[in-house]
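As the structure is a prediction and not an experimental result, all values here were calculated from the model.
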Amino acid sequence: MEFTRNNNRQLLSKIATNDRHGENTPYFEGWKAYDSNPFHPTQNPQGVIQMGLAENQLCFDLIEKWLLENPDASICTAEGVDRFRDIAIFQDYHGLKEFRQGIAKLMGRVGGNRVKFDPNRIVMSGGATGANETVMFCLADPGDAFLVPSPYYAAFSRDLRWRTGLEIVPVDCKSSNNFRITRTALEEAYEKAQRSNINVKGVIIANPSNPLGTVLDKETMRSLVSFVNDKSIHLVCDEIYAATVFGSPRFISIAEIIQDMDCNRDLIHIVYSLSKDMGLPGFRVGIIYSFNDDVMNCARKMSSFGLVSSQTQFLLAAMLNDEEFVGNFLRESSKRLAKRHHVFTKGLERVGISTLKSNAGLFFWMDMRPLLKEQTVQAEIELWRVIINKVKLNVSPGSSFQCSEPGWFRVCFANMDDETVQVALERIREFMHQGKEEDGVSEKSKHWRKQNLRLSFSSSRLYNESLMSPHMISPHSPIPQSPLVRART
């Protein structure tokens, strides 16, 4: 007896068959375009360069040197194998004491040692993705919502909503004030949710910002704390880029802000990770630090579904408690990020492309509004398709980050070597030169159409998640290039 796909889907759970993962958005489609045709300097020099992945690969040499000098930090070496049995057996949900101490020291250090974090409040999770979802499970019920200032991390739709059943209410921020989060914008979003009978349980922010690459100032952070305190809702601060700051102003943790504020600390929660600051996303180290005892205890119980392996904890405990290494790593990482950011943004400046002033993160916010034939999301996606299919660069359009102004793109710069940077800049230079030869944006648009670049896109489809194919599970899965990003003739 034959069953159709719909019949099979009826046998599965609502989570397995719902369309809230968000993998049909351009953010993930760009990854698939890269996966199907990855750039390689010799084997595939015409391939797509991955500039949509916020990964810090600039200091691997420092970690590799430390590993060679500290072989006893691993239970898989002759020097460390005597600890194998102790580490291989069951560990409780709290994690290794030395690991939690190392994490607490690092969190304090990246904040300038203005706050001392308690190792006993460190809760582990499988990366920041798992940490954010766990916090949502602890704070809200299906149907509840969180306010999220936009533009915000594209995968928040997946991390916060997919399995929890929560909703996101964007807080629109504008380029006119460099996308600053204002009390007025927060109030408008909150009141809009109230009018729609949506129960707002909190606000979640990323500081430093992904995708803007900026840090929040004290005034804005105090305003956020006052807002959630007045509304009796939660504030979750995603601080996973805290140590990627490479210029002024400095990073300020929310933990520092509340030290001298009269507020309900039970409403304040921090998500941290080693994926960005230390460049170790494959280690899947996510951290929850809550000032609320009930949240901390609940999160620790839930962490059994996504613990960090004891072998990883053991290695990182040795590394993070080596204060000389950590200090040198953070200083050198900042220098290298600053240099790479300068090379990229100055290269763009020379061809007439501006970027939002930034001093943190592994990316910058590129302003391509002058190249749009009209100020619409559809025009932004048309330009994005040209960049993906013709220029062969995977940059992420602002609409994937819920930016209210079309024409902004996030560009990641720390996940490639210097030679690839030059190839990417040369491709952009040629693209801009071609545009000038075509005498303006409108003529360039005609040129694109003459080359029969047809678009299988409509603005209504961009975030219509009901159209997501159920077999799309991971942006890293070996899936053929999606028709959403394929130029057709």
Report yes or no: do N210 and R410 form a side-chain donor-acceptor pair below 3.5 Å?
-> yes

Exercise: identify the closest heavy-atom pair between V171 and A189 | CG2-CB, 3.7 Å

4.5 Å side-chain heavy-atom contact, L53 and Y34 | no

Considering all heavy atoms of both residues, which atom of C403 and which atom of F179 are nearest to each other, and what is their separation?
-> SG-CE2, 4.0 Å

Is it true that the side chains of S223 and S226 contain a donor and an acceptor less than 3.5 Å apart?
-> no

Indicate yes or no for a side-chain donor-acceptor contact from N44 to the backbone of P38 under 3.5 Å, with no hydrogens or angles considered.
-> yes

Would you confirm whether T355, through its side chain, and M366, through its main-chain N or O, come within 3.5 Å as a donor-acceptor pair?
-> no

Is the ring centre of F401 less than 6.0 Å from the ring centre of W365?
-> yes

Under the 3.5 angstrom rule, does the side chain of N415 hit a backbone N or O of Q50 as a donor-acceptor pair?
-> yes

Check: Q57 side chain, A414 main-chain N or O, donor-acceptor pair, under 3.5 Å = no

Does the side chain of R109 reach to within under 4.5 Å of the side chain of V326, using non-hydrogen atoms?
-> yes

Once you round to the nearest 0.5 Å, how far does NZ of K192 lie from CG of D172?
-> 7.5 Å

Hey, which of R158, R163, R161 is the one that makes salt bridge (Lys or Arg N to Asp or Glu O under 4.0 Å) with E133?
-> R163

Could you give the distance from CZ (R83) to OG (S74), rounded to the nearest 0.5 Å?
-> 12.0 Å

Ignoring hydrogens and angles, state whether a donor on the side chain of R180 or T220 is under 3.5 Å from an acceptor on the partner side chain.
-> yes

Are a donor atom and an acceptor atom from the side chains of D277 and Y272 found within less than 3.5 Å of each other?
-> yes

Would you call the rings of Y27 and W31 parallel, tilted or perpendicular, where under 30° means parallel and over 60° means perpendicular?
-> tilted

Short N-O contact, D230 and R183, less than 4.0 angstrom | yes

Shortest non-hydrogen pair, L393 vs V48, comes out as C-CG1, 4.2 Å

Are the side chain of D144 and the backbone N or O of D141 linked by a donor-acceptor pair below 3.5 Å?
-> yes

Given F137 and M302, is the side-chain contact (heavy atoms from CB on, under 4.5 Å) satisfied, shown in steps?
-> CA-CA 9 Å; F137 273 125; M302 297 186 74; 3.4 Å; yes

List the steps, then state whether side-chain contact (heavy atoms from CB on, under 4.5 Å) holds for Y153 with D159.
-> CA-CA 10 Å; Y153 173 45; D159 300 356; 3.5 Å; yes

Salt bridge check: are E219 and R222 linked by an N-O gap of less than 4.0 Å?
-> no

Can K105 and E323 be counted as an ion pair, charged N to O under 4.0 angstrom?
-> yes

Salt bridge (Lys or Arg N to Asp or Glu O under 4.0 Å) evaluation trace for D118 with R100 = CA-CA 9 Å; D118 182 357; R100 289 183 283 111; over 6 Å; no

Flag, side chain of N297 to backbone of D293, donor-acceptor distance under 3.5 Å | yes

Enter the distance from L96:CG to F314:CZ here, rounded to the nearest 0.5 Å.
-> 8.5 Å

Could you check if a side-chain atom of N56 sits within less than 4.5 angstrom of a side-chain atom of L337, using non-hydrogen atoms only?
-> yes

What orientation do F325 and F329 show, parallel under 30°, tilted 30 to 60°, or perpendicular over 60°?
-> tilted

Whether over 12 other heavy atoms sit under 6.0 Å from Q259 CD = yes

Taking the side chain as C-beta and beyond, is there a heavy-atom pair between V123 and V295 under 4.5 Å?
-> no

For the residue pair N132 and F156, establish whether any side-chain heavy-atom pair is separated by less than 4.5 Å.
-> yes

Hey, are S275 and S273 close enough side-chain-wise for a donor-acceptor pair under 3.5 Å?
-> yes

Atom pair NZ (K346) and CZ (F344), whose distance is rounded to the nearest 0.5 Å = 15.0 Å

So does K301 have more than 12 non-hydrogen atoms from other groups sitting under 6.0 Å from NZ?
-> no

Where do M107 and I122 land on the side-chain contact (heavy atoms from CB on, under 4.5 Å) test, with the steps shown first?
-> CA-CA 10 Å; M107 292 177 67; I122 297 291; 3.9 Å; yes

Do you know which two heavy atoms are closest between M221 and S253, and how far apart they sit?
-> CE-C, 3.8 Å

Verify whether the ring centers belonging to F413 and F363 lie closer than 6.0 Å.
-> no

Main-chain N/O of L216 paired to N207 side chain as donor or acceptor, under 3.5 Å | yes

Around atom CZ of F60, are there more than 12 heavy atoms of other residues, nucleotides or ligands at under 6.0 Å?
-> yes

Okay, side chain of T312, backbone of F283: is any donor-acceptor separation there less than 3.5 Å?
-> no

Do D322 and W66 have a side chain donor and acceptor closer than 3.5 Å?
-> yes

Carefully, step by step, assess H341 and F246 under the rule ring-ring contact (aromatic ring centres under 6.0 Å, His included).
-> CA-CA 9 Å; H341 180 272; F246 49 83; 4.9 Å; yes

Hey, what do you get for CG (N321) to CZ (F99), rounding to the nearest 0.5 Å?
-> 10.5 Å

Would you please say whether a donor-acceptor pair under 3.5 Å links the side chains of K357 and N178?
-> no

4.5 Å side-chain heavy-atom contact, M296 and F291 | no

Are any of the side-chain heavy atoms of I252 and V215 separated by less than 4.5 Å?
-> no

Check ion pair K65-E69 (N to O, under 4.0 angstrom) | yes

Side-chain donor or acceptor of S333 paired with backbone N/O of L330 under 3.5 Å | no

Ring-face cation contact, Y190 with K231, 6.0 Å cut, 45° max | yes

Taking every heavy atom of A54 against every heavy atom of C412, the minimum-distance pair comes out as N-SG, 3.5 Å

Flag, side chain of K201 to backbone of L139, donor-acceptor distance under 3.5 Å | yes

Determine, for D35 against K32, whether the closest basic-nitrogen to carboxylate-oxygen distance falls under 4.0 angstrom.
-> no

For the residue pair V148 and V203, establish whether any side-chain heavy-atom pair is separated by less than 4.5 Å.
-> no

Just by distance, with hydrogens left out, do N229 and N264 show a side-chain donor and acceptor under 3.5 Å apart?
-> no

Gap between atom CZ of F227 and atom SG of C263 - 0.5 Å precision = 15.0 Å

Heavy atoms only: give me the nearest L212-S358 pair and the separation to one decimal.
-> O-CB, 3.5 Å

Would R340 and D418 pass as an ion pair if we require N to O under 4.0 Å?
-> yes

Mark yes when over 12 heavy atoms from residues, nucleotides or ligands other than D262 sit less than 6.0 Å from its CG; otherwise mark no.
-> no

